[in-house]
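Accompanying notes for the structure given below.
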Amino acid sequence: MPEGHTIHRLARDHLRDLRGESLTVTSPQGRAVQAATVLDGARIEAIDGYGKHLLYRWSTGDTLHVHLGLYGRFIRQRTPAEPPRGLKRLRLAGDRWTTDLSGPTACELFDPDAEERLLARLGPDPLRADADPDRFLFNLSRRRIPIGAALLDQSVIAGIGNVYRAEILHVLAIDPARPARELSEAQARAVWDTAARMLADGVRQGRIVTQAKPPGAKRLARGEALHVYRRHACATCGGPVTVGEMASRRLFSCVVCQQG
DNA sequence: AGGGTATGGTAAT
DNA sequence: TTACCCTACCCTC
């Protein structure tokens, strides 16, 4: 689920569903007791997404940091909600909606300087209006690691995960093994622009879709939405998709389209 | 019941 | 590099 598009969509949805109401905050699993105690009865005033991180700004002045990791998810239901089932780290119950968080890597209150430390190790996030593409170009220009590894490095660019990595490099016909700093400036800009466009599409659609929808089609089936990720044949040329490993994740690329 | 897998990341070695 | 953490789901036995 969670690459950058998921995070920014959650920020938007949670703001819509929960902002301004006094929330009942509980820690059903018993693993976020301190945060729940501090925040219970308070209101969410704003929510920021940075890459794959969510920052909830509360009326108490506190910031709650959530990182979903690989398995984390939010489940929404109408208030009053069923008693929590399974392992729920946090429950936010408002007048209309109740949201449960399960499986996050992080769910914690930030110290005063924790946010600064977090932002210092994140590259620019193409989904943010205040993002600076030149910082991304600069970051790429000084990395000798492959571009396929650089795109997963959150200090180079924030918000890209394993699906977007494969899809971005594919639509630009870039060999993932190519050293990041050897990309031309035009190519690096194209990577940024493509990332920004794909992520924004992901926010709108609530899932990752990188293929154009044929006229008349309602919704692309799963397996038709992507070009190479988890496919055997490339959606563009029909050629074989190879599966390798880069940055400890499975990397899919088209032998034909993405030759070095 | 148990194993493998997943769109992520950190800390120790 | 490796070990480890987090949860749900799917497959096989």
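Chain A is the first sequence line, chain B the second, and so forth, proteins listed ahead of strands; every chain is numbered from 1.
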Problem set entry | Stacked cation flag Arg231(A) on Phe252(A), 6.0 angstrom / 45 deg | no
Exercise. Touch check for Arg89(A), heavy atoms < 4.0 angstrom, all strands: base, sugar-phosphate only, or nothing?
Worked result: sugar-phosphate
Identify every side-chain donor-acceptor pair in residues 179-192 of chain A under 3.5 Å, counting partners at least two apart or on other chains, and give the distances.
unit_1, atom_1, unit_2, atom_2, d
Ser184(A), OG, Gln187(A), N, 3.0
Glu185(A), OE2, Arg189(A), NE, 3.2
Glu185(A), OE2, Arg189(A), NH2, 3.0
Gln187(A), OE1, Arg178(A), NH1, 3.1
Gln187(A), OE1, Ser184(A), N, 3.3
Arg189(A), NH2, Asp134(A), OD1, 3.4

Exercise. Excluding sequence neighbours, so at least two apart, what forms salt bridge (Lys or Arg N to Asp or Glu O under 4.0 Å) with Asp175(A)?
Worked result: none
Seminar exercise, completed: Those residues at least two apart in sequence (or on a different chain) that pass side chain to side chain contact (heavy atoms under 4.5 Å, CB included) with Arg78(A) are Arg96(A), Trp97(A)
Seminar exercise, completed: Encoded 5' to 3' (Watson-Crick or G-U under 3.5 Å; [ ] crossing; | other strand), DNA chain C becomes |||||.||||||.
For this session: Calculate the interatomic distance between Arg73(A) atom CZ and dG8(B) atom P; express it in whole Å.
Result: 15 Å
Exercise. To the nearest Å, how far apart are His65(A) NE2 and dG8(B) C1'?
Worked result: 12 Å
Problem set entry | P spacing across the pair dC5(C) / dT13(B), given as an integer number of angstrom | 14 Å
Problem set entry | Ile7(A) CD1 to dG8(B) C1', straight-line distance once rounded to whole Å | 10 Å
Exercise. When rounded to the nearest Å, what value does the distance between P atoms of dA1(B) and dC6(C) take?
Worked result: 22 Å
Exercise. Can you list the residues that meet the side-chain hydrogen bond (donor to acceptor under 3.5 Å, both in side chains) rule with Arg76(A), with sequence neighbours excluded?
Worked result: Asp17(A)
Exercise. Out of dC9(C), dT7(C), dT7(B), which nucleotide sits closest to the side chain of Tyr71(A)?
Worked result: dT7(C)
Exercise. Closer than 4.0 Å, any side-chain N/O of Arg250(A) to the OP1 or OP2 of dT5(B)?
Worked result: no
Exercise. CG of Asp100(A) versus P of dT7(C): gap in Å, rounded?
Worked result: 13 Å
For this session: Please report, rounded to the nearest Å, how far the C1' atom of dT7(C) is from the CD1 atom of Ile75(A).
Result: 11 Å
Sub-3.5 Å pairs of nitrogen or oxygen atoms, protein against nucleotides 9-13 of chain B:
unit_1, atom_1, unit_2, atom_2, d
dG9(B), OP1, His67(A), NE2, 3.4
dG9(B), OP2, Lys52(A), NZ, 3.1
dT10(B), OP1, Arg121(A), NH1, 2.8
dT10(B), OP1, Arg121(A), NH2, 3.4

Seminar exercise, completed: Rounded to whole Å, CZ of Phe74(A) lies from P of dC6(C) at a distance of 18 Å
Exercise. Do Thr26(A) and Arg91(A) have a side chain donor and acceptor closer than 3.5 Å?
Worked result: no
Exercise. Picking from dT7(B), dT2(C), dA8(C), which would you name as closest to the side chain of Ser248(A)?
Worked result: dT2(C)
For this session: Return no unless some side-chain N or O of Gln29(A) is found under 4.0 Å from OP1 or OP2 of dC6(C).
Result: no
Show me, pair by pair, the donor-acceptor contacts under 3.5 angstrom made by side chains of residues 101-113 of chain A, not counting sequence neighbours?
unit_1, atom_1, unit_2, atom_2, d
Glu108(A), OE2, His65(A), ND1, 2.8
Asp113(A), OD1, Arg117(A), NH2, 3.3

Exercise. Within the structure, does a side-chain N or O atom of Arg31(A) lie under 4.0 Å from either OP1 or OP2 of dC6(C)?
Worked result: yes
Exercise. Please give, in whole Å, the distance from dT7(B) P to Glu245(A) CD?
Worked result: 11 Å
Exercise. Tell me: CG of Leu101(A) to C1' of dG8(B), nearest whole Å?
Worked result: 15 Å
Exercise. When rounded to the nearest 0.5 angstrom, what is the spacing between CZ in Arg143(A) and CG in Asp153(A)?
Worked result: 5.0 Å
Problem set entry | Closest to the Tyr229(A) side chain, choosing from dT7(B), dC9(C), dT7(C) | dT7(B)
Problem set entry | side chain to side chain contact (heavy atoms under 4.5 Å, CB included) against Thr210(A), all qualifying residues, sequence neighbours excluded | Glu167(A), Met198(A), Ile208(A), Leu226(A), His227(A)
Problem set entry | Results of side chain to side chain contact (heavy atoms under 4.5 Å, CB included) for Arg9(A) - residues two or more places apart only | Arg12(A), Asp13(A), Val203(A)
